[in-house]
Amino acid sequence: MVQEFDKVGVVGLGTMGAGIAEVFARAGFNVVGVEIDQAALDRGRGHVDKSLSRAVSKGKLTEEERSAIESRLTFSTSREDLSDADFVIEAVPERMEIKRDLFSDLDRICPPGTILATNTSSLSVTEIAALTDRPEKVVGLHFFNPAPVMKLAEVITTVSTSPETVDVVTEVAKRIGKTPITIGDRGGFVANALLVPYINDGIRLYERGIATREEIDESVKKAAGLPMGPLTLADLVGLDICLAVMDVLWEEFRDPRYSASPLLRRMVTAGRLGRKTGQGFYGGRDEAPEPPRTSRLAKIVREEETLDLGEMLIAPQIDDAMRMIGDGYASAKDVDTAMRFGCGYPKGPTELLEERGAESVITTLVAMGEYSLTSVLVPAPLLMDMLPDAEEDSSHGGGGGCACHG
Ligand code: 3HC
């Protein structure tokens, strides 16, 4: 089935789109990259050039391989050049009016058999599919930054997606070297719904003067071996994207856990979007000054034994993961795969939970609650079920083991 695939269109060649185009070309597909005008196209080509040069200079790619990849990549400012594409994925800005215009064009230009995918991180795939006359052939295919490096691809299905489309896209994801998880359409999907509230937590700790940027970022590397801290990651992902994901989670769930940090919102308003604008939580001379750390709360956190900074970031994320599993949205395996392969975690949330034990995670959450450092007032039911007493009570039926792996 996938062998029939040859020509892939990638619309929008910002950081993500260019990375996606590179990933497909590396896997042997012929790729047409489409941008709105010549200047944007040149920038997109520049992203790909830079990434390939980096791989060559690191000895990961030979000059011959680079030339072969480049020969499979063509660039265009005309969507009409997608008229013979087998598969089109878009990574254009996250505004529904832009997607509407694009998907109505794609629906008109591409043959009826062409599968259309969106890399959206914050819009409803169902709504995008409904913009077309082929909703059964529309999916989300969500990549992670940097797209050439991170191995996860979330395949997002809607109530309209056909099983054949899911099969083909899952196979394509494997063929481009990604590890796919297939999930339904829900705010934040799996990885962003766990990652972005945690980034928001990091920003909240920072804006309340609990710790410095560096302390916050270092704390999770130390506590859980994460490759980068939440503030560095916010700059990498883009603060506008983080805010959009928080807002979509809030819209969907109306849970205080998903209210965006006021500082995040102000940074976005000020155009400090992270690496893409050169200014974010880090970024040269104009960095925002550190908030003062003289508050009573900052002192308590430094002195209170049950309030380790890294655990204060990890525990709510574990709680979120246990709610997601408890809701039946994703399995423990999917949750761990998402965070390992999408965000470079050495261990997924349920593995981090097993390492710590439910009691330790709950102790952190309760201590945070006492000082209003989290909106999680009652730990996830699945987490509570794992407390030793609860386990004993429920072991009459011969259960035992980790509740989340059901
Ligand atoms: N493009 C291409 N390749 C890149 C790259 C880029 N922008 N950045 C790094 N790489 C490659 C390097 O070539 C290197 O490959 P090698 O090991 O084969 O030589 C490898 O990645 C590691 O790079 P470095 O040694 O320079 O840097 P690090 O070891 O610090 O790793 C990282 C960088 C891979 C980004 C790592 O820090 C990491 O995994 N961070 C977490 C990133 C993350 O969580 N991403 C997901 C964000 S959420 C998202 O994107 C979804 C969206 O919807 C919001």
Side-chain angles (χ1 to χ4, degrees), residues 12-23 25-26 44 46-61 65-66 69 89-94 117-123 125 140-156 177-179 181 183 186-200 202 217-218 220-221 224-249 260 264 268 273-276 280 282 313 317 337-349:
L13 298 173
T15 321
M16 284 306 278
I20 294 168
E22 177 188 332
V23 166
R26 274 177 179 251
H47 291 311
V48 180
D49 281 350
K50 196 171 156 200
S51 179
L52 292 177
S53 300
R54 181 184 180 133
V56 171
S57 71
K58 284 198 157 195
K60 301 277 167 191
L61 208 63
E65 285 165 334
R66 178 198 181 127
I69 293 167
I89 176 162
E90 66 82 15
V92 301
E94 292 278 74
T118 172
N119 179 55
T120 187
S121 53
S122 57
L123 299 175
V125 179
L141 185 59
H142 186 216
F143 288 83
F144 291 79
N145 200 339
V149 183
M150 307 315 285
K151 291 283 175 224
L152 179 70
E154 288 177 320
V155 178
I156 296 113
K178 300 299 177 192
T179 301
I181 62 169
I183 42 174
R186 186 170 115 155
F189 316 130
V190 174
N192 279 349
L194 299 178
L195 186 74
V196 181
Y198 142 88
I199 290 176
N200 192 57
D217 279 347
E218 282 306 313
V220 289
K221 294 190 194 171
L226 305 194
M228 43 173 63
L231 302 179
T232 308
L233 193 51
D235 280 359
L236 174 76
V237 166
L239 273 57
D240 51 340
I241 301 290
C242 293
L243 181 60
V245 172
M246 288 308 293
D247 284 346
V248 89
L249 288 167
L264 172 62
V268 173
L273 307 183
R275 283 197 198 174
K276 62 182 149 189
Y282 298 91
L313 288 159
Q317 190 182 50
T337 302
M339 302 316 280
R340 273 171 172 272
F341 292 92
C343 309
Y345 281 35
K347 288 182 179 158

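Whatever order the structure lists them in is the order used to number ligands and atoms, beginning at 1.
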Rounded to the nearest 0.5 Å, what's the gap from CZ on Arg186 to CG on Asn192? Could you check?
-> 13.0 Å

About how many Å separate NE2 of His142 and CG of Leu152, when rounded to the nearest 0.5 Å?
-> 8.5 Å

Heavy-atom pair with the smallest gap, counting every atom of Tyr198 and Gly229 | OH-C, 4.2 Å

Glu154 side chain vs Val190 backbone, donor-acceptor pair below 3.5 Å = yes

Donor-acceptor pair, side chain of Asn200 and main chain of Ala260, under 3.5 angstrom | no

Close N/O pairs between ligand 1 and protein, under 3.5 Å:
residue  : atom   : partner : partner atom : Å
ligand 1 : 8 (N)  : Arg54   : NH2          : 3.4
ligand 1 : 13 (O) : Arg54   : NE           : 3.3
ligand 1 : 18 (O) : Lys60   : NZ           : 3.2
ligand 1 : 19 (O) : Lys58   : NZ           : 3.2
ligand 1 : 26 (O) : Arg54   : NH2          : 3.0
ligand 1 : 45 (N) : Asn145  : O            : 2.8
ligand 1 : 50 (O) : Asn145  : N            : 2.8
ligand 1 : 53 (O) : His142  : NE2          : 2.7
ligand 1 : 53 (O) : Asn192  : ND2          : 3.0

Is it true that atom NZ of Lys276 has more than 12 heavy atoms of other residues, nucleotides or ligands lying nearer than 6.0 Å?
-> yes

